[in-house]
Amino acid sequence: MSGKTIALILVLCAAIAGAGAYYLQVYGFYYPVADAPDHEMQLTLRDSDATSNIAYGDFQAIDADSSPIRYRACFTTTADPAELARTHVTLDGMMPRNAPPWFDCFDTKAITEAIETGAATVFLGTKNIAYGVDRVIAITDEGRGYIWHDLNECGEKSYDGTVIGEECPPRPDTQRTD
């Protein structure tokens, strides 16, 4: 076998592996999330750790079992973000994570711009939706809503190897006992 043939085989294998990895990251692990009663739009109240529901419509969401921070959703609401900000926990400096380009309703650049200009308010949806991960909800003045999951302080410490400390809840046991 000549050197050119071996090089061609290596390049072809690398291209196939690269295309496979790209497909799995952008398309392969995601699945649509159905609009169901257990996907209520909940915001955390300021005075307690309790949540309250807000009305919503036109719900679209994707998720992946490979990571709790892959969840993205879009919806519409008649709730006024300024009114909600008086009674619910708001978050400063929280920006959305990128969504796959094929999930059209979640435009990360537009959402970030709306947050930076004050046209959107960011709320804490549900604390610790998964260990170390919070559900974050941004609502624009026009009634568009966006949801993503982001690491909270305990999650960041857990994943970067820092000592977690007593302020974080115990990490759930992930080892099998059968």
Side-chain angles (χ1 to χ4, degrees), residues 25-26 29-160 162 164-165 167-169:
Q25 286 300 312
V26 176
F29 293 111
Y30 287 100
Y31 57 86
V33 176
D35 184 14
D38 60 335
H39 293 100
E40 294 177 337
M41 231 37 69
Q42 297 180 331
L43 301 178
T44 301
L45 295 166
R46 282 190 186 273
D47 298 336
S48 68
D49 286 336
T51 58
S52 69
N53 295 334
I54 62 169
Y56 70 96
D58 302 323
F59 181 82
Q60 298 176 49
I62 57 172
D63 200 0
D65 293 331
S66 60
S67 172
I69 61 172
R70 287 188 174 227
Y71 184 87
R72 305 288 185 282
C74 307
F75 63 95
T76 58
T77 185
T78 56
D80 177 22
E83 183 67 31
L84 291 171
R86 285 182 223 153
T87 55
H88 295 83
V89 176
T90 58
L91 302 172
D92 293 326
M94 188 66 66
M95 295 299 163
R97 295 182 174 272
N98 290 330
W102 54 266
F103 191 57
D104 296 334
C105 72
F106 199 96
D107 183 350
T108 305
K109 288 182 184 178
I111 299 166
T112 299
E113 184 178 309
I115 293 168
E116 289 174 343
T117 62
T121 306
V122 182
F123 297 93
L124 174 61
T126 305
K127 184 100 174 129
N128 286 313
I129 197 103
Y131 181 80
V133 177
D134 294 340
R135 177 166 286 172
V136 179
I137 301 176
I139 301 175
T140 68
D141 296 336
E142 292 84 33
R144 296 283 309 154
Y146 306 96
I147 306 170
W148 66 93
H149 290 175
D150 216 326
L151 296 176
N152 58 31
E153 187 175 342
C154 294
E156 287 176 6
K157 287 180 180 180
S158 176
Y159 295 108
D160 75 4
T162 307
I164 294 176
E167 66 276 0
C168 293

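All residue numbers in this chain count up from 1 along the given sequence.
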All heavy atoms of Leu45 vs all of Ser52, minimum pair found to be CD2-OG, 3.9 Å
Quick one: does Ile147's side chain get under 4.5 Å of Arg72's, heavy atoms only? no
Less than 4.5 Å apart, side chain to side chain, heavy atoms only: is that true for Val122 and Asp92? no
As an exercise, state the distance from CD1 of Ile115 to CG of Leu91, rounded to the nearest 0.5 Å. 10.0 Å
Please report the shortest heavy-atom distance between Ala85 and Arg46, naming the atom on each side. O-NH2, 2.9 Å
So Leu151 and Val133, side-chain contact (heavy atoms from CB on, under 4.5 Å) or not? Walk me through it. CA-CA 4 Å; Leu151 296 176; Val133 177; 4.0 Å; yes
Of all residues at least two apart in sequence or in a different chain, which pass the ring-ring contact (aromatic ring centres under 6.0 Å, His included) check with His149? Tyr71
Short question: side chain of Asp134, backbone of Val136 - any donor-acceptor pair under 3.5 Å? no
Enumerate the disulfide bond (SG atoms under 2.5 Å apart) contacts for residues 62-147, please, sequence neighbours excluded, ordered by first and then second residue. Cys74-Cys105
Verify side-chain hydrogen bond (donor to acceptor under 3.5 Å, both in side chains) between Tyr146 and Asp107, making sure each step is shown before the conclusion. CA-CA 9 Å; Tyr146 306 96; Asp107 183 350; over 6 Å; no
Pick out which of Thr112, Asp150, Ile111 makes a side-chain contact (heavy atoms from CB on, under 4.5 Å) with Met95. Thr112
When you look at CG of Asn53, are more than 12 heavy atoms from neighbouring residues, nucleotides or ligands closer to it than 6.0 Å? yes
Student check: side-chain heavy atoms of Phe123 and Val89 closer than 4.5 Å: no
Distance check, rounded to the nearest 0.5 Å: Phe75 atom CZ versus Asp58 atom CG? 11.0 Å
Distance-only, no hydrogens or angles: does the Thr76 side chain make a donor-acceptor pair with backbone N or O of Gly143 under 3.5 Å? no
Taking atom CE of Met94 and atom CD1 of Ile137, what is their separation to the nearest 0.5 Å? 12.5 Å
Given side chains that start at C-beta, do those of Met41 and Thr77 come closer than 4.5 Å, heavy atoms only? no
Any non-hydrogen side-chain atom of Ile62 less than 4.5 Å from a side-chain atom of Trp102? yes
On the ring face of Tyr30, is Arg70 found with NZ or CZ under 6.0 Å from the centre and within 45° of the axis? yes
About how many Å separate CZ of Arg135 and OG1 of Thr51, when rounded to the nearest 0.5 Å? 11.0 Å
Is any side-chain heavy atom of Pro96 closer than 4.5 Å to one of Phe106? yes
Could you check whether His88 and Thr44, counting side-chain N and O atoms only, form a donor-acceptor pair closer than 3.5 Å? no
Any donor-acceptor pair under 3.5 Å linking the side chain of Arg144 with the backbone of Ala138? no
Between CG on residue Leu43 and CG on residue Leu124, distance to nearest 0.5 Å: 8.5 Å
Would you say that Asp141 contacts Pro81 through its side chain, given a criterion of any heavy-atom pair below 4.5 Å between the two side chains? yes
Rounded distance [0.5 Å steps], CG in Asp80 versus OG1 in Thr121: 8.5 Å
Return the set of residues passing side chain to side chain contact (heavy atoms under 4.5 Å, CB included) with Asp104 (not counting sequence neighbours), or none when no residue passes. none
